[in-house]
Amino acid sequence: MKRLLSIALGILTAIGGFVDIGDIVANAEAGARFGIAHAWVLLVGVVGICAYAEMSGRVSAVSGRPVFDLVRERLGPRVALANLGGSLLVTVLTLGAEIGGVGLALQLATSVSYLLWVPLVAFVLWVVLWRAKFTVLENVFGLTGLALVVFVIAFFRLGVSPAELWHPGPPPGEDWGTYWFFAVALFASALTPYEVFFFSSGAVEERWSRKDLLTSRVNVFVGFPLGGLLAFALMLTSAAVFQPLGASVDTLSQAAMPAAIAFGKIGMAVAILGFFAATFGAAMETALSTGYTVAQYLGWNWGKLRRPREAARFHTVVIIGILVGVAVLFTTIDPIQLTEYTLLFSAVALPLTYLPILVVANDRGYLGDRANGRFANVLGVTYLIVVVLAAVAAVPLMIITRMGGG
Amino acid sequence: MLIGFDLLDRQIVDRDAEPVGKVDDVELEYDERGDAYVTGLLAGQQALGERIGGRLGRWISAVARRMSEPPDQPPIRIGYDLVAEVTSAVSLSVARELLPDPPLEGWLATHLIGRIPGAGDA
């Protein structure tokens with residue numbers, strides 16, 4: 001059991017990246033419209049986030065410095081401030097979307113409108129972040145999020161062969177523009193900047209040191225592929241159920257349908273539990289990341305290891321982040337659409353986050369004999385190029401396809 | 001040591017590895033031969049704003065100066081003789097309590113965060 005709990009950080013981080021509210025619906029929608037034509041994007045995303053999370057975990061374990069410390073040191077105050085601005089927009093908008101997502105999961109269970117749940121969810125989120133220990137957060141929400149495994153089992157129950165769902169590129173009725181829009185959206189969400197902020201800060205919160213390098217690697221190489229697998233299961237089951245019908249998916253309740261068809265009410269209940277835990281976990285990840293990035297840019301005390309009184313500025317930033325997220329939701333913007341817009345700001349934040357990680361991971365002043373080998377560098381440079389290409393392509397694709405509307 | 005590469009923008013930690021601030025700027029003096037040497041580290045948003053420059057930098061600096069207690073204090077200075085070691089962080093030889101308090105932290109701890117139940121529990 002202890003072994004299982006020691007990888008909770010990786011699992012929780014990955015859930016926030018791969019199966020948060022926007023991704024649950026995006027994967028189901030991609031599955032319904034394109035079959036599993038986007039499966040390769042998830043694979044490419046998993047390898048990329050593994051490469052960079054491994055580097056950031058290694059730097060944090062050996063030097064005790066989380067990612068935004070590196071951003072500030074290597075890029076200087078001005079460029080790092082631009083990154084901070086972009087990252088904060090991504091993170092806070094996503095935080096708002098996740099709070100709405102928890103509300104949507106509760107709406108599925110209770111039929112009470114999600115907007116009425118939002119203030120309660122935001123308050124509970126804050127209480128949990130104020131009171132609960134970091135390890136409790138990870139264990140409870142990381143592991144409950146694994147309820148989404150129901151979609152993996154549902155696939156076998158549905159008994160469809162993946163070969164029937166695969167075709168190279170867009171099926172009749174869809175075009176290449178929307179195909180690539182979904183590809184970029186799924187890729188960017190796999191490599192969201194708050195994943196490395198959260199993972200590396202979590203490593204510091206758990207007091208990882210040089211001797212925890214193995215734990216760090218196991219977290220990365222189990223957690224992120226598992227997140228990718230859950231995302232793939234959502235895509236696969238949605239393709240199996242909806243593609244033959246020619247139906248489209250744009251709500252959370254539709255995304256839960258494959259589990260309900262395979263296992264009836266129990267399947268529906270487990271799917272809702274999984275959605276709830278995954279979105280709440282992603283809300284915690286983004287709320288804490290808001291505080292982590294600001295505090296690390298400015299050199300403040302931060303983290304849940306300290307009493308709130310001793311990290312007053314950090315806790316204030318987290319509270320402001322939650323309030324701004326709630327305010328955004330109260331404009332009645334669709335929480336699921338909201339995460340799609342964060343793509344725009346990821347374009348600034350992603351390259352400026354991953355470049356300093358790659359540079360410092362090669363710095364023997366930080367890492368000594370644990371600096372990057374050739375393999376990590378080849379992967380790192382390749383993905384940096386892919387990230388820049390995706391960032392450049394994101395905005396034109398959003399405009400051409402009207403946010404994937406086709 | 002290169003000031004820009006090895007010192008500026010690094011995290012400053014105290015004797016017990018607790019965060020103190022960032023090296024937002026450095027204070028230089030010249031010896032009789034005209035060589036520059038570092039005499040102190042400047043920490044806090046006031047020094048940071050001046051280094052960022054431009055309208056945004058001036059604004060950050062002005063807000064920080066206004067919030068200092070009493071107002072219009074110079075930025076927090078840490079003498080270079082207190083620096084024990086420069087690695088991935090700048091470690092000081094003293095405890096944080098002996099250094100000037102960052103103004104915003106103290107104000108928020110007293111007026112906002114400290115008033116919420118549970119603020120003193122780890």
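By convention in this document, chain letters (A, B, ...) are assigned in the order of the sequence lines, proteins followed by strands, and residues within each chain are numbered from 1.
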Applying a strict 4.5 Å limit to non-hydrogen atoms, the region of A:Trp130 in contact with chain B is side chain
Just verifying a value: how many Å separate B:Ile60 CD1 and A:Leu81 CG, rounded to the nearest 0.5 Å?
5.5 Å
Test item: A:Arg309 side-chain N/O and B:Ala119 main-chain N/O as donor-acceptor pair under 3.5 Å
no
Check each atom of B:Leu56 against the heavy atoms of chain A and say whether the ones under 4.5 Å are side chain, backbone, both or neither.
side chain
Calculate, to the nearest 0.5 Å, the distance between atoms CH2 and OG1 belonging to B:Trp107 and A:Thr316 respectively.
9.0 Å
Heavy-atom check, side chain of A:Arg313 versus side chain of B:Pro102, under 4.5 Å
yes
Side chains of A:Phe314 and B:Glu105: closer than 4.5 Å at any heavy-atom pair?
no
Should we count CZ of B:Arg66 as having more than 12 external heavy atoms under 6.0 Å?
no
Proximity breakdown for B:Leu112 and chain A, heavy-atom pairs closer than 4.5 Å:
side chain
For atom OH of B:Tyr30, is the number of surrounding heavy atoms from other residues, nucleotides or ligands below 6.0 Å larger than 12?
no
Between A:Asp69 and B:Arg10 (salt bridge meaning N to carboxylate O under 4.0 Å), is one present in this structure?
no
May I ask you to check whether over 12 heavy atoms, not counting those of A:Phe123, lie within 6.0 Å of atom CZ?
no
Most contacts with chain A, counted as non-hydrogen pairs under 4.5 angstrom, among B:Ala43, B:Ala17, B:Gly21:
B:Gly21
Between A:Arg72 and B:Val23, what is the shortest heavy-atom contact and its length?
NH2-O, 4.3 Å
Nearest heavy-atom approach of B:Ile113 to A:His315 is CD1-CB, 3.8 Å
List the atom of A:Tyr297, the atom of B:Lys22, and the distance in Å for their closest heavy-atom pair.
O-CE, 3.6 Å
Where do B:Glu18 and A:Arg306 land on the side chain to side chain contact (heavy atoms under 4.5 Å, CB included) test, with the steps shown first?
CA-CA 10 Å; B:Glu18 285 290 298; A:Arg306 302 184 165 80; 3.1 Å; yes
What I'd like to find out is whether the side chain of A:Gln296 reaches to under 4.5 Å of the side chain of B:Pro19, using heavy atoms alone.
no
Could you tell me which portion of A:Leu70 (side chain, backbone, both or neither) has an atom closer than 4.5 angstrom to a non-hydrogen atom of chain B?
neither
Show me the pairs that pass side-chain hydrogen bond (donor to acceptor under 3.5 Å, both in side chains) and involve residues 79-104 of chain B, at least two apart or across chains.
A:Asn301-B:Arg96
If you measure from the Lys or Arg side-chain nitrogens to the Asp or Glu carboxylate oxygens, is any gap between A:Arg131 and B:Asp121 under 4.0 Å?
yes
B:Asp6 versus chain A, heavy atoms under 4.5 Å apart: side chain, backbone, both or neither?
neither
Separation between CG of B:Asp9 and CG of A:Leu75, rounded to the nearest 0.5 Å
9.5 Å
Closest non-hydrogen atom pair, A:Pro77 against B:Leu48
CB-CD1, 3.7 Å
